[in-house]
There are 2 protein chains.
Amino acid sequence: MSAKDVQLDPVDIAILRELQKDGRIANKDLAAAVGIAPSTCVDRVARLRRTGVITGYTAQISPEAIGRPIQALLTVQVQPHARPLVDPFVVHVRSLPETLSVHHVAGPDDFVVHVACGSSQDLQRLVLDRFTSRPEVARLQTHLIFSTWNGGPLSPYPPQDPAAPRR
Amino acid sequence: MSAKDVQLDPVDIAILRELQKDGRIANKDLAAAVGIAPSTCVDRVARLRRTGVITGYTAQISPEAIGRPIQALLTVQVQPHARPLVDPFVVHVRSLPETLSVHHVAGPDDFVVHVACGSSQDLQRLVLDRFTSRPEVARLQTHLIFSTWNGGPLSPYPPQDPAAPRR
DNA sequence: TGTGAAATTAGCCCGTC
DNA sequence: GACGGGCTAATTTCACA
């Protein structure tokens, strides 16, 4: 089953909302929050996990607390004919300890890389030594991050039909 | 205590690594993975939570699985003198159900907004009706996301001194 | 502060509706 | 598919080193 074919009912949506707010909520409390029996809740969560709606659980870490107070978004354009170098570029970027995420995008730029560094000096070294020195990098812009807000829990779209069959 | 003052020893670092890989790992297994007793592990994790190193736990959801297969990064420039409008803009963007995150940045643009939509048509409507129609938005570029890679677990910087006092 | 053991609690696998 | 019971296993608390 492809994850995109999964039908979600209102209970599933409530479960996803709660698990995004607190990924370690006890099954008992989760069941109470969404109004079903704990045993049923185990089934629901297991199915959401199995069908790929829930891809995993993670602890959120404060970058500042672990010595990485400087964050930036790097927009990168690669050379027009650097296609054979694109995959190695992604591998390279992912291997950097400063890398939080890499997006391959269409638009004015080709890649957007989110990084977290120990200082502005480290950011400078990262940009110069790990990015602009590479031949496939044609242009790079640094967007220093002042502050970040995360959105609310991601809710399904379009609004699910409560009467829709589960699958 | 400020989170940035927290000193982390190698055991803490190992705990953070494991909890980023699997935020719902059982305390018993976590303790075994990092080589301490389960009861000690409870204390360690509680302290990391209390001191702000761990800011929370969350379930990772597949946007495709909940009907939001189209993701984009929107780079936004605001009008030079729109300062009084900046905070309302952030509030507005955060209130959109499509918004995953908002970054206030320095550089060529002022904001970078990560959104997930149900279709390219929805993205179009989002950009036109929720962004470019607002007076404080001077310029917007859409970077459609082809694919995303997440980096490995975020590790502390600089490498912690094993002999360093905890606090 | 870390550890080990006891008491409490939650999670999981049944059967039944 | 949802629910409740009963067993297993985990978490938490406490006294001690």
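To find a chain, count down the sequence lines: A is the first, B the second, and so on, and within it residues start at 1. Computed from a prediction, not measured in an experiment: that's the story for all the values here.
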How many Å lie between [atom1] on [X] and [atom2] on [N], as a whole number?
{"X": "A:Asp12", "N": "D:dG1", "atom1": "CG", "atom2": "C1'", "value": "12 Å"}
{"X": "B:Leu30", "N": "D:dT11", "atom1": "CG", "atom2": "C1'", "value": "13 Å"}
{"X": "B:Ile36", "N": "C:dT1", "atom1": "CD1", "atom2": "P", "value": "14 Å"}
{"X": "A:Arg49", "N": "C:dG11", "atom1": "CZ", "atom2": "P", "value": "17 Å"}
{"X": "A:Arg50", "N": "C:dC12", "atom1": "CZ", "atom2": "P", "value": "14 Å"}
{"X": "A:Ile15", "N": "D:dG1", "atom1": "CD1", "atom2": "P", "value": "14 Å"}
{"X": "A:Lys28", "N": "D:dG5", "atom1": "NZ", "atom2": "P", "value": "16 Å"}
{"X": "B:Asn27", "N": "D:dT13", "atom1": "CG", "atom2": "P", "value": "12 Å"}

note = On DNA chain C, more 5' by nearest nucleotide between B:Asp43 and A:Pro38 is B:Asp43
ask   = If you find the nucleotide of DNA chain C closest to A:Ile25 and the one closest to B:Gly35, which residue's nucleotide is nearer the 5' end?
value = B:Gly35
inquiry  = Side chain of B:Val42, heavy atoms from C-beta onward: which of D:dT12, C:dG11, C:dT3 has the nearest atom to it?
reply    = D:dT12
ask   = Among C:dT3, D:dG4, D:dT11, which is the nearest nucleotide to the side chain of B:Ala37?
value = C:dT3
request  = Check whether any side-chain N or O of A:Thr40 sits under 4.0 Å from OP1 or OP2 of D:dC3, and answer yes or no.
outcome  = yes
ask   = OP1 or OP2 of D:dG1 less than 4.0 angstrom from a side-chain nitrogen or oxygen of A:Arg44, does that happen here?
value = no
inquiry  = Applying a strict under-4.5 Å side-chain criterion to I, L, V, M, F, W and Y, I'd like to know whether A:Leu100 and A:Val115 cluster together.
reply    = no
key: Hydrophobic cluster identity match, A:Val137 and A:Val127, side-chain contacts under 4.5 Å   = yes
note = Distance col, row A:Ser133:OG vs A:Leu128:CG, nearest 0.5 angstrom, shows 8.0 Å
task = With DNA chain D as reference, determine whether A:Ser39 or A:Arg24 sits nearer its 5' end, using the nearest nucleotide of each.
result = A:Ser39
ask   = Among B:Asp12, B:Thr40, B:Ile13, B:Ile15, which residue meets the side chain to side chain contact (heavy atoms under 4.5 Å, CB included) test with B:Val34?
value = B:Ile15
task = Quick one: closest heavy-atom pair of B:His103 and A:Thr148, and the distance?
result = ND1-OG1, 2.8 Å
